[in-house]
Amino acid sequence: MAPRNHSTVEEFILTGLSEDPHVEALLFVLFLGIYLLTMTGNLMMLLVIGTDSHLHTPMYFFLSNLSFLDLCFSTVTVPKLLKDLLSEKKTISVEGCLTQVFFVFITAGTEAFLLSMMAYDRYAAICHPLLYGQMMSIELCVKLVLVSWGLASLNSVVIVLLAVNLDFCEAQTIHHYTCELPSLFPLSCSDISINIDILICSTLLHGLGTFLPIFFSYARIVSTILSMRSTTGRSKAFNTCSSHLLAVVLFFGSGLVRYLMPTSGSSLDLLSSLQYSAVTPMLNPLIYSLKNQEVQAAMQRTFGKYLHYFR
């Protein structure tokens, strides 16, 4: 058997978001602000949910896990982006690139599962309020979160193994600001047809496997809300779901566009990646705090307590 050619490329060059130093300086300020808001907002949500006993319910247990995931997800890509915006040469080692791919998949994959579980939680609360405590026990919620991490980790390992066995011989420029498999595959001098097919199948299975429960949950929720006679009841039920629906649209919309559409190196590729990896983690705590009176009340109690302590 002939020996397998080894990769001659040891690092990749990222094209980033711009080649104009003045534009890069403005983008650095913008994304530094986005990252600081992401850290502040999600840490605040974790603090409020963890310290306020009124929020120790399944819905907020899932929301605290979402905040933790958004912290991780944003940290996988944004700090590297900020560093590159200040650097003349934007490079990343092959090992660093594959590591970034792994953590993007594990955090994004877990978040997709979590959004699906949050939809089921809203279904149980609205459609079966009397059985809600039995359907959504804290033990079940913990198991669901652990299963989400486990399945996303397994999927991430499979995906990264697709890239580990590839040879990168000459081309080393990634037309993107971060390492993502759709941008990485075209650089390989190996046969990538099977790898692309597996990536598409994995994305479809993962996407549909998490999106379909959301769709069916909300189909039942809408049917239940429309059958309510009380206008106040309808409004309250809708308000409990609107934040989650907005988070689902932002995350799934941009994620599926990035991984199911052919890679073109266009602005759409960059915008869809920025949407789900940088902008959505920043918006989630704002969405859930601005539209949720329980969270607002908990923030007032929590920070009022700390202000009183420091007086």
Side-chain angles (χ1 to χ4, degrees), residues 1-19 72-73 75-85 87-110 112 149-207 254-274 276-278:
M1 181 180 292
R4 184 173 181 268
N5 292 330
H6 293 284
S7 300
T8 58
V9 172
E10 295 182 356
E11 65 179 16
F12 296 113
I13 299 172
L14 301 167
T15 58
L17 298 178
S18 174
E19 296 181 356
C72 297
F73 197 5
T75 302
V76 171
T77 57
V78 178
K80 171 63 176 169
L81 170 61
L82 292 173
K83 176 180 177 295
D84 286 344
L85 287 171
S87 306
E88 290 186 11
K89 190 177 182 182
K90 306 170 179 59
T91 60
I92 185 170
S93 66
V94 174
E95 294 79 8
C97 188
L98 295 178
T99 300
Q100 193 173 58
V101 168
F102 175 79
F103 283 108
V104 164
F105 269 93
I106 193 173
T107 51
T110 306
W149 278 99
L151 291 175
S153 299
L154 179 62
N155 183 63
S156 301
V157 170
V158 172
I159 291 297
V160 170
L161 287 177
L162 296 178
V164 167
N165 293 320
L166 295 178
D167 282 325
F168 299 97
C169 305
E170 295 180 4
Q172 61 180 133
T173 301
I174 299 177
H175 296 284
H176 210 279
Y177 70 92
T178 188
C179 283
E180 290 184 338
L181 285 191
S183 299
L184 197 59
F185 280 161
L187 304 183
S188 175
C189 50
S190 305
D191 181 9
I192 61 170
S193 56
I194 296 178
N195 303 64
I196 292 177
D197 290 341
I198 293 176
L199 177 62
I200 292 175
C201 289
S202 173
T203 303
L204 284 173
L205 286 173
H206 201 119
S254 55
L256 291 177
V257 165
R258 179 67 183 111
Y259 282 89
L260 292 182
M261 296 288 289
T263 298
S264 60
S266 66
S267 299
L268 179 61
D269 292 342
L270 296 175
L271 289 175
S272 58
S273 295
L274 287 170
Y276 76 77
S277 66

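All of these numbers come straight from a predicted model, not from anything done at the bench. Along the sequence shown, residues carry numbers from 1.
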Would you indicate whether the side-chain heavy atoms of [Y] and [X] approach each other to under 4.5 Å?
X	Y	result
V76	S277	no
V157	F102	yes
V160	F105	no
L187	Q172	no
I92	C179	yes
L81	L17	yes

Please assess C97 against L184 for the test side-chain contact (heavy atoms from CB on, under 4.5 Å), listing each intermediate value before the final yes or no.
CA-CA 9 Å; C97 188; L184 197 59; 3.9 Å; yes
Test side-chain contact (heavy atoms from CB on, under 4.5 Å) on T110 and F73; report intermediate values, then the result.
CA-CA 10 Å; T110 306; F73 197 5; over 6 Å; no
Please check this pair: side chain of S188 against backbone of D167, looking for a donor-acceptor N/O pair closer than 3.5 Å.
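Here the side-chain-to-backbone pair exists.
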Donor-acceptor contact present, side-chain T91 to main-chain F12, <3.5 Å:
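Flag not set: sc T91 to bb F12 has no pair under 3.5 Å.
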How long is the span from the [atom1] atom in [X] to the [atom2] atom in [Y], to the nearest 0.5 Å?
X	Y	atom1	atom2	value
E11	E95	CD	CD	10.5 Å
L199	I194	CG	CD1	13.5 Å
N195	I159	CG	CD1	9.5 Å
L270	T15	CG	OG1	7.0 Å
S156	L151	OG	CG	10.5 Å
N155	L205	CG	CG	9.0 Å

Would K80 and T178 count as a side-chain contact (heavy atoms from CB on, under 4.5 Å) here? Give the steps.
CA-CA 8 Å; K80 171 63 176 169; T178 188; 6.0 Å; no
Assess the residue pair L85 and Y177 against the criterion (side-chain contact (heavy atoms from CB on, under 4.5 Å)); give the C-alpha distance rounded to whole Å, side-chain angles, the decisive distance to 0.1 Å, and a yes or no.
CA-CA 9 Å; L85 287 171; Y177 70 92; over 6 Å; no
Smallest separation among heavy atoms of A152 and I106, with atom names:
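Scanning both residues completely, I find the closest heavy atoms to be CB-O, 3.7 Å.
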Please report the closest heavy-atom contact between D84 and K90, naming both atoms and the distance.
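In this case the closest contact between D84 and K90 is O-CE, 3.2 Å.
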Just checking F103: does its CZ atom have more than 12 heavy atoms from other residues, nucleotides or ligands closer to it than 6.0 angstrom?
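No, not enclosed.
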